Protein chains: 2
Amino acid sequence: MAEDVFKALADPTRRRILDELVERDGQTLFEICARLVTRHGLGLSRQAVSQHLAVLESADLVRSRRQGRYKYHDLNSEPLEHIVTRWLRPRAPESNP
Amino acid sequence: MAEDVFKALADPTRRRILDELVERDGQTLFEICARLVTRHGLGLSRQAVSQHLAVLESADLVRSRRQGRYKYHDLNSEPLEHIVTRWLRPRAPESNP
DNA sequence: TTGATAGGCAAGTGACCACTTGCCTATGGT
DNA sequence: ACCATAGGCAAGTGGTCACTTGCCTATCAA
């Protein structure tokens, strides 16, 4: 649902998580936590990140696969493709004066 | 700022307002109120809509021009153009099996 | 089996946000 | 001048949301 996608994108931390996943798929919860700290200076609890991932999953922006005691997270950019096109209109090409 | 754009898009009512403006530019506050009621069944106070418009304006998704006692609102879709591309990756074209 | 690692569940808290209400300003018509 | 219309300002309220804390389960290694 597009509704959930907009909600998911509303939070800055969740957008950072997407930034991390678009760069490297298949990260675990702990990896994401670590990278949020080292690369963005975000010191969040593990639960916080876990809850963010749940929101992203319910918007189908993140898919997860369990493997042993690890859970790998992958970005799914498909819901983003046309989420914004409903407000786009043809822009006049710039004519240099 | 992209930050403000995501915040602006987070609210369903604001997205409806954009829906109205993409269909017809130059609407006044009262017009938008009326159309939200008649076309979407949203019964909001005038102030609520006014505040939503302020948020949309601060995200530069809506531009307004004053003329006499009227204030006309126009959609500006430009901030939406590339807001989402940072998470898009090349998708493999579907090969029919 | 014991301990360490990866993750989940659930309740509590504080802050932000959407919305309302009441009052005020400004422009235009008659 | 009067009144109606279009809009703005500011304080108050309820609900949602991000985040924490504490405890529990599951997998792997020694």
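Note on naming: letters A, B, ... go to the chains in the order of the sequence lines (proteins, then strands), and numbering restarts at 1 for each one. Since the structure is predicted, the reported quantities are computational estimates derived from the model, not experimental observations.
Ranking dT20(C), dA18(D), dA18(C) by closeness to the Asp11(A) side chain, first place goes to dA18(D). Comparing dA18(D), dA18(C), dG8(C) by their nearest atom to the side chain of His52(A) picks out dA18(D). When distances are taken from the side chain of Arg69(A) to each of dT5(C), dG7(C), dT20(C), the shortest belongs to dT5(C). When the nucleotides dG7(C), dG22(D), dG7(D) are ranked by their closest atom to the side chain of Arg66(A), dG7(C) comes out on top. Comparing dT21(C), dG8(C), dA18(D) by their closest approach to the side chain of Gln47(B) singles out dT21(C).
In this structure, Leu36(B) places its CG atom 15 Å from P of dA18(C), rounding to the nearest Å. Computed from coordinates, the Arg16(A) CZ to dA18(D) C1' distance equals 15 Å when rounded to whole Å. The distance between atom CZ of Phe30(B) and atom P of dA4(D), rounded to the nearest whole Å, is 14 Å. For the pair Leu29(B) CG and dC19(C) P, the interatomic distance rounds to 14 Å; values are reported in whole Å. In this entry the distance linking NE2 of His73(B) with C1' of dA6(D) reads 10 Å, nearest Å. Summarising the geometry, the separation between CD1 on Ile32(A) and C1' on dG7(C) is reported as 12 Å, rounded to the nearest angstrom. At whole-Å resolution of the value, CG in Leu44(B) and P in dT21(C) are 12 Å apart. If you measure from atom OH of Tyr72(B) to atom P of dT27(C), you get 14 Å, rounded to the nearest angstrom.
Within the 4.0 Å cut-off from OP1 or OP2 of dG7(D), not a single side-chain nitrogen or oxygen of Ser50(B) is found. At dT16(D), none of the side-chain N or O atoms of Lys7(A) fall inside 4.0 Å of OP1 or OP2 (strictly under the cut-off). Here Ser45(B) does not reach the OP1 or OP2 of dC19(C): none of its side-chain N or O atoms lies under 4.0 Å away. Note on Arg14(B): a side-chain N or O is less than 4.0 Å away from OP1 or OP2 of dA18(C). Not one side-chain nitrogen or oxygen of Ser64(A) sits closer than 4.0 Å to the OP1 or OP2 atom of dG7(C).
Looking at which nucleotide of DNA chain D each of Thr28(B) and Arg46(A) is closest to, the 5′-most match is held by Thr28(B). Nearer the 5' end of DNA chain C, as judged by each residue's closest nucleotide, is the contact made by Glu31(A), out of Glu31(A) and Tyr70(B).
The side-chain heavy atoms of His52(A) and Asp11(A), taken from C-beta on, include a pair separated by under 4.5 Å.
In this structure, the separation between CG on Leu44(B) and CD on Gln51(B) is 10.5 Å, given to the nearest 0.5 Å. The line from CG of Leu61(A) to CD of Glu78(A) is 9.5 Å long, rounded to the nearest 0.5 Å.
Judged by atom type and distance alone, Gln51(A) reaches the base of dT20(D) through a side-chain donor-acceptor pair under 3.5 Å.
Annotation for Asp25(B) and Asp74(B): closest pair OD1-CA, 3.2 Å, computed over non-hydrogen atoms. The two residues Ala2(B) and Ile83(B) have their closest heavy-atom pair at CB-CD1, 3.6 Å.
Tested against Glu20(B), the residues Arg15(B), Arg35(B), Arg14(B) include a single salt bridge (charged side-chain N to carboxylate O under 4.0 Å, His left out) partner, Arg35(B).
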